[in-house]
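Side-chain atoms are counted along with the backbone in the values below, which use heavy atoms only and exclude waters and symmetry mates.
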Amino acid sequence: MTTLINIIIKLKYLIKNIAMLSSTLLLFLLVSPVIGYTCEKTAKICETSLSIGHYLTMFNRDTLAVYPKQGKLYKYDVTNTSNADPVPKEDIISGDGWEVRKLLVVANQSLPGPDIIVYEGQTVIIHVKNHLHSDTVTVHWHGLHQSGTPFMDGVPFVSQCPIESGQTFTYKFKAYPPGTFWYHSHVGSQRVDGLLGAFVVRKNEPDPLPEHIMQIQDWNHDWGGDMGYQLMVNRIIENRTKYTPSQSLDGSFFSLFKAQSGLINGRGRFYSDLESGTHNEAPLEVFNVKQNTSYRFRVISVGALFPFRVSVDNHMLSVIESDGYPIRPTLVESFVINPGERFDFVINANQSIGNYWIRGKTLEVTPRYTIAEAILRYDDAPDVEPTTARKVCTEQDKCVVINCPFTYFPKNEFTECIRFDQLRSSASNDPAPPVVDGKFKEYFLNYAFPGVTSFPSSVNGIAMEFPPVSGVSQPQQITTGCKHVHCEDQKHCKCTNALSLNHGDTVQMVLLNMGVGRGWAHPVHMHGHSFYVLKMGYAEYNETTGKFIAQNSDIDCRGGVPIQKSFCNNASWSNQTWLNGNVPGLELQNPPRKDTLIIPSGGYAVIRIRADNPGLWIMHCHIELHASDGMAMLLNESFSYLPKTPKHFPTCGDFKIEDEEKFSVIADVKIHDTIPMQQFYITVGVMVAVILIQLLIIIINLRNSHRKSSLFKIDNTHSSNAKTNQAFTP
């Protein structure tokens, strides 16, 4: 009997050690860098995890630090690279190869985070664990409608409470619609610090094209998102001189953000001299293709501010989709992509076997501009960098560009623009929602920087103030609304700005970028919907130089002052007959659909949705600096139809002690013995007796264990101790 008891005890000990080993292995898997996750096509449920934490560029735990040379990376103490093995670039977040390590916030120790690829209609479950020591986190699934799951949209203080350090939040939603999407943090400026990745919903279709995912961004290797925001607000001073913001081709100024380089899939290089082409030889992303094969490229702009013009040397691009919705294939030399947007194109690898540059160039004017590069490498091509050149645009062979934020390139550049509203949906049965009597609403929303002495980011002059609670699940506790705030035509204010939408209404929004606060074209992103783009109105430009002349005259900014001084907080159509959906030139039959759209400087865009997705959705500029500064608002949609809050859903909020509560706490305190002395001695005696009995049992078990030790051999070579535990390793 005694032997049996000892066997059971030791089995329990063995099982406990196995469980501890399994937990350690699971933790290792969660925090180790991974390539990506692709769900089985036949699966109904797709489940994976993201581990959020800090990581350093140009670093891994084995080499500590690396440096770039001839497109490869070497350990910091290597002096002769010709006799040394390079460090695999897959093990390093290289950024632009800048050797001073930068602190990032990333998923699964990678930049970008792991690709997540699922199929339309599957149920997606993603466990997000916050390993950050000093910050909260959430993850937004950019472009997914979250129909029926508004609590899973990933916006702090709108759709959920932020995930605290050490906590795990499980997101669960349907993979819809199909297309190219992405995920990113929605807390502060963490997206700029690296917390982002591709999220692709594939269609259930036979024989799809082979594909590549390409994520492009601007990059500052000196400071993170929070520092970048503070410098935007308080100016960048370098060498005792104010840093001048970059200027666009049309004469507009970008916001104050310094980018030293551009990255494609987390890799780029720092050019110390753009004109001469001098750079630090950092490694680049390589896309492999087979000759005479067509490929689909899913391009995602994950950057902070700048739009990129994307092209591939010696190859034309057939643009087939934007933001997950198909458009009629359009053959172009290049396209412009802004933060938050996605464009899919098909490329035919029909050139000679070799290497070709993939280029991303911002719309900044020289001598300051930012470039991102990657390599298109044909199978059997040598492992060398391309020597190809970008297409030379001529009067006889002009370059065609999709998604221009202005009407003209300078005439001597021989480049033609196709505005996004000139594209057409390739879907045969997806017209815009119609105007219905009694069920049609129209709103004018100005995304701008109005002001006289200060110029905050705002929508209709209102800078967004987030509530201290989860708005969708704790609506009765929101105390920061605009009801009691005096926001006027020629003033700006700050509150939780929300637009209430009735269920089933056709809602037409005229998104503006006008008045005294007009800025560079804003990429406005709407959560919960993919809207129909019916028309875009651009500013007036010089046809020869491409420079801005005047704001669009279709809009009356009002305010009792000229448009150049108007805050444009209460705009309308200049021609009042255009109200109630009567705007001329609307594309209603085959409008393209988007969830992120540029609003041109000095112009507008007319979009429509049907209010059929109950929830609380944020609509904001996707330039990180502008959103952080308040250029956002909420859509309070069909709230009475909101689905039931998930069981045990986290809550949050302020905590305040009122004066009367303070006094009552003090008044209720009575001074007396916590435990009567007689009861104290009895309690202590019982505790001593229990301890003695436990010691006696331990001694008996140890003796029995020693006698029967031949029955069990416990291998302690993997036990944690001061010599092997990583916590004690220098």
Asks: Roughly how far apart are S470 OG and Q160 CD, rounded to 0.5 Å?
Replies: 7.5 Å
Asks: Start with the C-alpha gap between V524 and T596, add the side-chain angles, then the distance that decides, and say whether side chain to side chain contact (heavy atoms under 4.5 Å, CB included) holds.
Replies: CA-CA 5 Å; V524 173; T596 308; over 6 Å; no
Asks: Can you list the steps and then say if D430 with R593 is a salt bridge (Lys or Arg N to Asp or Glu O under 4.0 Å)?
Replies: CA-CA 9 Å; D430 193 22; R593 294 184 69 175; 3.2 Å; yes
Asks: Could you go through D554 and Y604, starting from their C-alpha distance and side-chain angles, then the distance that decides it, and tell me whether this counts as side-chain hydrogen bond (donor to acceptor under 3.5 Å, both in side chains)?
Replies: CA-CA 9 Å; D554 293 344; Y604 65 88; 2.6 Å; yes
Asks: Taking atom CD of E40 as the centre, report whether more than 12 heavy atoms of other residues, nucleotides or ligands fall under 6.0 Å from it.
Replies: no
Asks: Within a strict 4.5 Å, meaning less than it, do heavy atoms of the F199 and L144 side chains meet?
Replies: yes
Asks: Specify the closest pair of heavy atoms between Q146 and W141, including all atoms of both residues, with the distance to one decimal.
Replies: NE2-CD1, 3.6 Å
Asks: Looking only at non-hydrogen atoms, find the nearest pair between A198 and I213 and report the distance.
Replies: CB-CG2, 3.7 Å
Asks: Does the pair S601 and R518 meet the rule for a side-chain hydrogen bond (donor to acceptor under 3.5 Å, both in side chains), with working shown?
Replies: CA-CA 6 Å; S601 181; R518 76 170 180 92; 2.6 Å; yes
Asks: Could you walk me through whether S159 and D153 satisfy the side-chain hydrogen bond (donor to acceptor under 3.5 Å, both in side chains) test, starting with their C-alpha distance in whole Å, then the side-chain angles of each, then the deciding distance to 0.1 Å, before giving a yes or no?
Replies: CA-CA 6 Å; S159 60; D153 195 42; 4.9 Å; no
Asks: Please identify each residue that fulfils side chain to side chain contact (heavy atoms under 4.5 Å, CB included) with R202, with sequence neighbours left out.
Replies: T38, I117, Y119, V200, E211, R298
Asks: Kindly confirm or rule out a cation-pi arrangement of R608 over Y532, judged by NZ or CZ under 6.0 Å from the six-membered ring centre and within 45° of its axis?
Replies: no
Asks: Is a donor on one side and an acceptor on the other found under 3.5 Å between the side chain of N513 and the backbone of G519?
Replies: yes
Asks: So, for H145 and H527, is the gap between ring centers shorter than 6.0 Å?
Replies: no
Asks: In sequence, state the C-alpha distance, the side-chain angles, and the governing distance for S110 and N108, and then conclude on side-chain hydrogen bond (donor to acceptor under 3.5 Å, both in side chains).
Replies: CA-CA 6 Å; S110 61; N108 297 25; over 6 Å; no
Asks: Could you tell me whether R296 and E321 have a side-chain N and a carboxylate O separated by less than 4.0 Å?
Replies: yes
Asks: Examine R309 relative to F409 and say whether NZ or CZ is less than 6.0 Å from the centre of the six-membered ring and inside a 45° cone about the ring axis.
Replies: yes
Asks: Assess the residue pair E341 and K594 against the criterion (salt bridge (Lys or Arg N to Asp or Glu O under 4.0 Å)); give the C-alpha distance rounded to whole Å, side-chain angles, the decisive distance to 0.1 Å, and a yes or no.
Replies: CA-CA 8 Å; E341 288 189 299; K594 294 270 281 174; 2.7 Å; yes
Asks: Short question: side chain of S458, backbone of N460 - any donor-acceptor pair under 3.5 Å?
Replies: no
Asks: I want to know whether F287 and F297 have ring centres closer than 6.0 Å.
Replies: yes
Asks: Do you know the tightest heavy-atom contact between V336 and N403?
Replies: O-ND2, 2.8 Å
Asks: Is it the case that the side chains of W573 and E442 hold a donor-acceptor pair, with the cut-off being a distance below 3.5 Å and no angle test?
Replies: yes
Asks: Is T362 reaching over with its side chain to a backbone N or O of T370, donor-acceptor style, under 3.5 angstrom?
Replies: yes
Asks: Tell me every residue that passes side chain to side chain contact (heavy atoms under 4.5 Å, CB included) with S574, counting only those two or more places apart in sequence or in another chain.
Replies: D556
Asks: Could you tell me which non-hydrogen atom of A107 sits nearest to which non-hydrogen atom of P114, and how far apart they are?
Replies: O-CD, 3.7 Å
Asks: Would you please indicate yes or no on a ring centroid separation below 6.0 angstrom for F151 and F649?
Replies: yes
Asks: List the steps, then state whether salt bridge (Lys or Arg N to Asp or Glu O under 4.0 Å) holds for K535 with D421.
Replies: CA-CA 6 Å; K535 179 178 181 177; D421 67 327; over 6 Å; no
Asks: For side chain to side chain contact (heavy atoms under 4.5 Å, CB included), just list the numbers for V401 and E416, CA-CA rounded to whole Å, side-chain angles, deciding distance to a tenth of an Å, and then say yes or no.
Replies: CA-CA 6 Å; V401 185; E416 293 184 353; over 6 Å; no
Asks: State yes or no: are the ring centers of Y408 and Y541 separated by less than 6.0 Å?
Replies: no
Asks: Under the side-chain contact (heavy atoms from CB on, under 4.5 Å) test against I327, which residue among V319, N590, I320 passes?
Replies: V319
Asks: Could K290 and Y378 be counted as a cation-pi pair, given that NZ or CZ must be under 6.0 Å from the ring centre and within 45° of the axis?
Replies: no
Asks: Which residue, H622, H184, H186, forms the ring pair (Phe, Tyr, Trp, His ring centres under 6.0 Å) with H525?
Replies: H622
Asks: Which is it for Q508 and L534 under the side chain to side chain contact (heavy atoms under 4.5 Å, CB included) test, yes or no, and what are the steps along the way?
Replies: CA-CA 10 Å; Q508 180 166 295; L534 309 186; 4.1 Å; yes
Asks: Taking disulfide (SG to SG under 2.5 Å) as the test, write out the residues that go with C404, two or more places apart.
Replies: C417
Asks: Report yes or no: do D344 and T180 form a side-chain donor-acceptor pair below 3.5 Å?
Replies: yes
Asks: Counting only heavy atoms not in K172 (residues, nucleotides, ligands), do more than 12 fall under 6.0 Å from its NZ?
Replies: no
Asks: Look only at the side chain of N497 and the backbone of I462, and say whether a donor-acceptor pair between them is shorter than 3.5 Å.
Replies: no
Asks: Evaluate side chain to side chain contact (heavy atoms under 4.5 Å, CB included) for E587 paired with R424, printing each intermediate quantity in order.
Replies: CA-CA 9 Å; E587 173 56 42; R424 293 293 175 262; 3.3 Å; yes
Asks: Using the side-chain contact (heavy atoms from CB on, under 4.5 Å) rule, pick out the option among E333, K391, K361 that qualifies with S311.
Replies: E333
Asks: Which heavy-atom pair separates L616 from V158 by the least distance, and what is that distance?
Replies: O-CG1, 3.4 Å
Asks: Could you walk me through whether Y641 and H503 pass the ring-ring contact (aromatic ring centres under 6.0 Å, His included) test, one step at a time?
Replies: CA-CA 8 Å; Y641 292 82; H503 189 69; 4.1 Å; yes
Asks: Under 3.5 Å, is there a donor-acceptor pair between the S457 and H626 side chains?
Replies: no
Asks: For the residue pair H212 and Y295, categorise the inter-ring angle as parallel (less than 30°), tilted (30 to 60°) or perpendicular (more than 60°).
Replies: parallel
Asks: Can we say R390 and D313 salt-bridge, meaning some charged N sits less than 4.0 Å from an Asp/Glu carboxylate O?
Replies: no
Asks: Nearest 0.5 Å please: distance from the CE atom of M526 over to the CE atom of M633.
Replies: 9.0 Å
Asks: Measuring centre to centre across the rings, with the benzene-like ring taken for any Trp, is H315 within less than 6.0 Å of Y356?
Replies: yes
Asks: Would you please indicate yes or no on a ring centroid separation below 6.0 angstrom for F254 and W520?
Replies: yes
Asks: What distance separates C621 SG from I599 CD1, expressed to the nearest 0.5 Å?
Replies: 9.5 Å
Asks: Considering all heavy atoms of both residues, which atom of L512 and which atom of C568 are nearest to each other, and what is their separation?
Replies: CD1-SG, 4.2 Å
Asks: When rounded to the nearest 0.5 angstrom, what distance separates OH in Y176 from CZ in F181?
Replies: 9.0 Å
